[in-house]
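Written below as structure tokens is the structure these notes are about.
The chains referred to below are lettered A, B, ... by the order of the sequence lines, with proteins before strands, and numbering in each begins at 1.
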There are 2 protein chains.
Amino acid sequence: MTTEVTGPTPVGEEPLRRRRRRQTEQDICEAALTLFEEHGVAGCTADDIARAAGVSSRTFFRYAVTKERAALVVTGDIEDAFEQGVAALRPDEPLLPQLEALWVEVLRRHENGRSASGRQLRRLYRLLRAEPSLRGAAVAVDDERRAGFAGALAELTGATPDDPTPAILVETTTAVVRVAMDRWAEQLEAAPEGPEPDLVDLYEQAVAAFRTVTAPGA
Amino acid sequence: MTTEVTGPTPVGEEPLRRRRRRQTEQDICEAALTLFEEHGVAGCTADDIARAAGVSSRTFFRYAVTKERAALVVTGDIEDAFEQGVAALRPDEPLLPQLEALWVEVLRRHENGRSASGRQLRRLYRLLRAEPSLRGAAVAVDDERRAGFAGALAELTGATPDDPTPAILVETTTAVVRVAMDRWAEQLEAAPEGPEPDLVDLYEQAVAAFRTVTAPGA
DNA sequence: CCCTATTGTGGCAGTCACTGCCAAGAAGGC
DNA sequence: GCCTTCTTGGCAGTGACTGCCACAATAGGG
């Protein structure tokens, strides 16, 4: 687990600095989520968030490309996980089911309300419903990532550059995920105390609807 | 103030004012596209665009919610057309093919290189490839519109509010469109003088790929 | 332990996107 | 003509974000 001490790699990042970096990133994200919840995105300044996170305003903007993006760290983690999974797909078996299974795995890993990332994910998606500027930022980073996924998938399958298939696979599977997450957020808000809606369930319902809609018959 | 003195319709827009409004909207959009092409989004200020469009900076921001959005008028037209089409769907026949046909119609209407909107669409999509901030804005407004489409579709079909089907239909069909438009932009850039890539063709190829990928067998 | 290259940080000044407010002109209804 | 309703421009202000620079903390040697 630890002791990667003797790296044959020339390497870039070192343990201590890296750890601190992750820590302040988390601090900033937490502060952003909290202040956004309390005062709304427009109701607090980047300075406020920086102060709450214990860093200078200048440093804040080194971590967060944008005030809004400060709260989007979690989605980055999820997309990292997905990207890693994409690299491990078997290119000569049907890809759609593999991608769907991958999403189930990724979502399951992050939905857990007891994990730190799971809780952040809830808070974020609750916020996304009320804050168009946040939603806009989320949608924009998501779009950037998808381009990368499609590229990776194209390389993996050896598709010619003008074959739309990899992009179609990425776009449609993530579209289904998006529907599931939206419904999840909706239900989180509708019944904050009620029975916890299950992200993976919702995703599987969305996949079912997708299958129905694309079934040859109707 | 007076109490509803006027007739049955409080009414909103009148011919002359409306026309002028459309005109300045177009002027601003044109100016934005031109300056973005010449200097890049970061290379020109909102003031520059306003001046080029012949309006004050203050007025510019009355039309363009955001500097970036000034260039996105065309996509708004397309989405208006789609939304209108959605209202005219037959809810008791399979919706996916209807939506696909609707997109063909909408795209055909706007791809024409000789129409003003067609030319603007080209310029915009060329820009989107090089300007992440523009792309981000485009993706964000697109997302807002999709929520409306899904709502309209849900109402049309009488789906229960927790049925993911309308959202799935909207998200997947627009995902396919997005792939087609991306390829279109890519080809526009790759061969600016070559044979004009046909948006409708590309869309139909994307639909074909979608069908293949979702076919029950593989 | 020290020396040095690298990296992370805060402060400062500046640009610019965007907003609220107000007064003035144009357009529509009478 | 009068009065109401947009629509606009100017002005002042807030705040997001950036480049620059000096300084502190680590990494990685000797």
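A straight line from NE2 of A:His39 to C1' of D:dG15 spans 16 Å, rounded to a whole angstrom. Rounded to a whole Å, the CZ atom of A:Arg22 is 17 Å from the P atom of C:dT7. Rounded to whole Å, the distance from CD1 on A:Ile49 to C1' on D:dG15 is 12 Å. Distance, A:Phe36 CZ to D:dA16 C1': 12 Å, rounded to whole Å. One atom, CZ of A:Arg21, and another, C1' of C:dT6, lie 14 Å apart when rounded to the nearest Å.
Residues passing the side chain to side chain donor-acceptor pair (under 3.5 Å) test with A:Asp198, sequence neighbours excluded: none. Looking at residues two or more places apart in sequence or on another chain, you find no side chain to side chain donor-acceptor pair (under 3.5 Å) involving B:Gln84.
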Result block: side-chain N/O donor-acceptor pairs under 3.5 angstrom for residues 72-82 of chain A, not counting sequence neighbours:
unit_1  : atom_1 : unit_2   : atom_2 : d
A:Thr75 : OG1    : A:Leu72  : O      : 2.8
A:Asp80 : OD1    : A:Arg145 : NH1    : 3.1
A:Asp80 : OD1    : A:Arg145 : NH2    : 3.0

Show me the side-chain donor-acceptor pairs of residues 167-181 of chain A shorter than 3.5 Å, one per line, residues at least two apart or across chains.
unit_1   : atom_1 : unit_2   : atom_2 : d
A:Glu171 : OE1    : A:Arg146 : NE     : 3.2
A:Glu171 : OE1    : B:Arg178 : NH1    : 2.3
A:Glu171 : OE2    : A:Arg146 : NE     : 3.2
A:Thr172 : OG1    : A:Ile168 : O      : 2.7
A:Thr172 : OG1    : A:Leu169 : O      : 3.3
A:Thr173 : OG1    : A:Leu169 : O      : 2.7
A:Thr173 : OG1    : A:Val170 : O      : 3.2
A:Thr174 : OG1    : A:Val170 : O      : 2.8
A:Thr174 : OG1    : A:Glu171 : O      : 3.1
A:Arg178 : NH1    : B:Glu171 : OE1    : 2.3

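A cation-pi contact, defined as under 6.0 Å to the ring centre and within 45° of the axis, is absent between A:Arg126 and A:Phe36.
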side-chain hydrogen bond (donor to acceptor under 3.5 Å, both in side chains) between B:Asp201 and B:Gln205, worked out: CA-CA 6 Å; B:Asp201 281 356; B:Gln205 289 173 29; 5.6 Å; no

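The closest side-chain heavy-atom distance from A:Arg18 to A:Arg21 is not below 4.5 Å.
For the OP1/OP2 pair of C:dG10 and a distance below 4.0 Å, the side-chain nitrogens and oxygens of A:Ser56 include at least one atom meeting the criterion. Taking side-chain N and O atoms only, B:Tyr63 has a distance below 4.0 Å to OP1 or OP2 of D:dT8.
For the atom pair CG (A:Leu124) and CD (A:Glu131), the distance works out to 11.0 Å, reported to the nearest 0.5 Å.
Inter-axis angle, ends of the helix from C:dC1-D:dG30 to C:dC30-D:dG1, five pairs per end, rounded to 10 degrees: 30°.
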Under 4.0 Å protein heavy-atom contact, by nucleotide of nucleotides 16-26 of chain C - B base, S sugar-phosphate only: -SBBBB----B

